[in-house]
Amino acid sequence: MSAPSSPIPDALVVIPTYNEADNIGPVIDQVLAQSPPIDVLVVDDNSADGTADVVQSRKADAPERVHLIERSGKLGLGTAYLRGFRYALARDYTYICEMDADLSHDPSDLPRLLAPVQNGEVDLAIGSRYVEGVRVINWPLSRLVLSYGAGVYTRAITRLPLLDVTAGFKCFHRRVLESLPLDHVNSDGYAFQVEMHYRTWRAGFQFKEVPVVFTERTEGESKMRREIVVEAALKVWELRLQDLLGRL
């Protein structure tokens, strides 16, 4: 009797990259090892370090499960995720995840994010650093205070019932992304994550925070910049005002 065939992946994880050649290979390998199976889409912003070449090598080994979009330059995290979301929707994936390329998000946590969405419990599962305690490794105190403070600030202005407002590790059911006005989402970095959470909440979708451990990168350079923090601080006011005016 022949062995049963493996299930066809109905989930895709979108991973934006910019100069992540040292990390992206292990990330892809670990994602592909998960069960249930999850496909990978890397959206690369013309990395100069050969990131796309590493992805192509993995794609040669698993052409049906590893996908690559190469963009012309550094066009921003938000637009990379939106490009990935549209790619996933066009190819009929039901569960669409996002994660960082630097191994700060553990690929073995992906099944725990998928489960509550697949079983119909919620429409969005968010890998949270702050539910059930603080779960961050190797961050300086200043970075931790900034991140946690961003949550306090955002909740005070928007009333968003979420502890980890800037979390970038999550899984959407496709109905969320089909319903949101993605053409109106114009933020980047932390602000992009806040905006997607806020729009999902205000659209009436159910979400939950799933505790994960976040580990600071050991290879490559952090993408944190002052402009990212400023954009996020201003974006929460814009979102709240748009909501009050009925223009969200």
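Keep in mind that the numbers below use all heavy atoms, side chains included, and drop hydrogens, waters and symmetry copies. Sequence positions, counted from 1, serve as the residue numbers for this chain.
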To the nearest 0.5 Å, how far apart are CZ in Phe192 and OG1 in Thr166? 13.0 Å
Asp100: which residues meet the salt bridge (Lys or Arg N to Asp or Glu O under 4.0 Å) condition with it, sequence neighbours left out? none
Would you say Arg65's side chain and Ile38's backbone share a donor-acceptor pair under 3.5 angstrom? yes
What I'd like to find out is whether the side chain of Ile15 reaches to under 4.5 Å of the side chain of Ile24, using heavy atoms alone. yes
If I compare all heavy atoms of Ala21 with all of Gly50, which pair ends up nearest, and what's the gap? CB-C, 4.2 Å
Minimum heavy-atom distance between Ala203 and Leu180, given as atom pair plus value: CB-CD2, 4.0 Å
With sequence neighbours excluded, tell me which residues meet side chain to side chain donor-acceptor pair (under 3.5 Å) with Ser108. Asp106
Nearest heavy-atom neighbours spanning Ala60 and Pro63: O-CD, 3.8 Å
Look at the side-chain heavy atoms of Ile, Leu, Val, Met, Phe, Trp and Tyr, link any pair under 4.5 Å apart, and say whether Phe207 and Leu113 land in one connected group. no
In short, Pro16 meets Ala101 closest at the heavy-atom pair O-CB, 3.7 Å
Output the distance between atom CG (Leu177) and atom CG (Leu182), rounded to the nearest 0.5 Å. 6.0 Å
Going by the salt bridge (Lys or Arg N to Asp or Glu O under 4.0 Å) test, which pairs reach into residues 234-248, not counting sequence neighbours? Glu195-Lys235, Arg202-Asp243, Lys235-Glu238
Pairs in or reaching into residues 26-35: which pass side-chain hydrogen bond (donor to acceptor under 3.5 Å, both in side chains), with residues at least two apart or in two chains? Asp29-Arg58
Quick one: pull up CG in Leu146 and OH in Tyr153 and give me the separation to the nearest 0.5 Å. 12.0 Å
For the CZ atom of Arg199 and the CG atom of Leu248, what is their distance to the nearest 0.5 Å? 4.5 Å
Rounded at 0.5 Å granularity, tell me how far OH in Tyr190 sits from OG1 in Thr154. 11.5 Å
For Arg91, give me all partners under salt bridge (Lys or Arg N to Asp or Glu O under 4.0 Å), at least two apart in sequence or on another chain. none
Using a 3.5 Å distance criterion without hydrogens, assess whether the side chain of His197 forms a donor-acceptor pair with backbone atoms of Val165. yes
Would you check if the distance from the ring center of Phe85 to the ring center of Phe172 is below 6.0 Å? yes
Determine whether Gln118 and Tyr95 make a side-chain contact, defined as any pair of heavy atoms from C-beta on separated by less than 4.5 Å. yes
Please check if the number of heavy atoms outside Lys59 that lie under 6.0 Å from its NZ is greater than 12. yes
What closest approach, in Å, do Ala88 and Arg174 show between heavy atoms, and which atom pair accounts for it? O-NH1, 4.1 Å
Please answer whether the main-chain N or O of Gly76 pairs with a side-chain N or O of Thr79 as donor and acceptor at a distance below 3.5 Å. yes
Do the side chains of Cys171 and Leu110 get nearer than 4.5 Å, heavy atoms only? no
Linking I/L/V/M/F/W/Y whenever their side-chain heavy atoms sit closer than 4.5 Å, directly or via other members, would Leu82 and Leu12 fall into one cluster? yes
Membership question, hydrophobic clusters at under 4.5 Å side-chain separation (ILVMFWY): are Trp201 and Leu241 in the same one? no
Apply salt bridge (Lys or Arg N to Asp or Glu O under 4.0 Å) to Asp92 and list each qualifying residue two or more places apart in sequence or on a separate chain. none
Sequence neighbours excluded, every pair satisfying ring-ring contact (aromatic ring centres under 6.0 Å, His included) that has a member inside residues 31-71: His67-Tyr87
Who are the salt bridge (Lys or Arg N to Asp or Glu O under 4.0 Å) partners of Glu70, not counting sequence neighbours? none
With distance as the sole test, does Asp102 use its side chain to make a donor-acceptor pair with the main-chain N or O of Glu20 at under 3.5 Å? no
Keeping Asn23 on the side-chain end and Leu103 on the backbone end, is there a donor-acceptor pair under 3.5 Å? no
List the steps and the verdict of side-chain contact (heavy atoms from CB on, under 4.5 Å) for Val122 and Val117. CA-CA 5 Å; Val122 294; Val117 184; 4.2 Å; yes
If Ile, Leu, Val, Met, Phe, Trp and Tyr residues are connected whenever their side-chain heavy atoms lie under 4.5 Å apart, and connections chain through other members, are Phe214 and Leu144 in the same group? yes
Has Ser128 got a side-chain atom pairing as donor or acceptor with Val131's backbone, closer than 3.5 angstrom? yes
Between Tyr130 and Tyr148, what is the ring plane arrangement, given parallel below 30°, perpendicular above 60°, and tilted in between? perpendicular
Co-membership, hydrophobic cluster, residues Leu41 and Leu114, 4.5 Å side-chain: no
Between Val40 and Leu32, is any pair of side-chain heavy atoms under 4.5 Å apart? yes
Thr51-Tyr18 side chain donor-acceptor pair, cut-off 3.5 Å: no
Determine the minimum heavy-atom distance between Val212 and Gly127, stating which atoms define it. CG2-C, 3.6 Å
Does CZ in Arg83 sit with more than 12 non-hydrogen atoms of other residues, nucleotides or ligands closer than 6.0 Å? no
Side-chain donor/acceptor of Asp123 to backbone N/O of His173, under 3.5 Å: no
Taking the side chain as every heavy atom from C-beta outward, state whether Phe169 and Asp109 have any atom pair closer than 4.5 Å. yes
Under the side-chain contact (heavy atoms from CB on, under 4.5 Å) rule, what do Lys74 and Asn46 come out as? Steps first, then yes or no, please. CA-CA 7 Å; Lys74 193 174 182 182; Asn46 196 28; over 6 Å; no
Derivation of the side-chain contact (heavy atoms from CB on, under 4.5 Å) call for Ile69 and Val42: CA-CA 6 Å; Ile69 294 174; Val42 175; over 6 Å; no
Once rounded to the nearest 0.5 Å, what's the spacing between atom OG1 of Thr200 and atom CG of Leu162? 10.0 Å
Considering only residues two or more places apart or on different chains, which pairs with a residue in residues 30-59 satisfy ring-ring contact (aromatic ring centres under 6.0 Å, His included)? none
Those residues at least two apart in sequence (or on a different chain) that pass side chain to side chain donor-acceptor pair (under 3.5 Å) with Gln193 are Glu98, Lys170
May I have the step-by-step check of side-chain contact (heavy atoms from CB on, under 4.5 Å) for Ile96 and Leu89, ending in yes or no? CA-CA 8 Å; Ile96 302 157; Leu89 293 173; 3.8 Å; yes
Asp39 side chain near Tyr93 side chain, heavy-atom distance below 4.5 Å: yes
Inter- and intrachain pairs under salt bridge (Lys or Arg N to Asp or Glu O under 4.0 Å), touching residues 43-57, at least two apart: Asp45-Arg71
Exam field: side chain Ser57 to backbone Val54, donor-acceptor pair closer than 3.5 Å: yes
Tell me the salt bridge (Lys or Arg N to Asp or Glu O under 4.0 Å) pairs involving residues 155-164, sequence neighbours left out? Arg129-Asp164
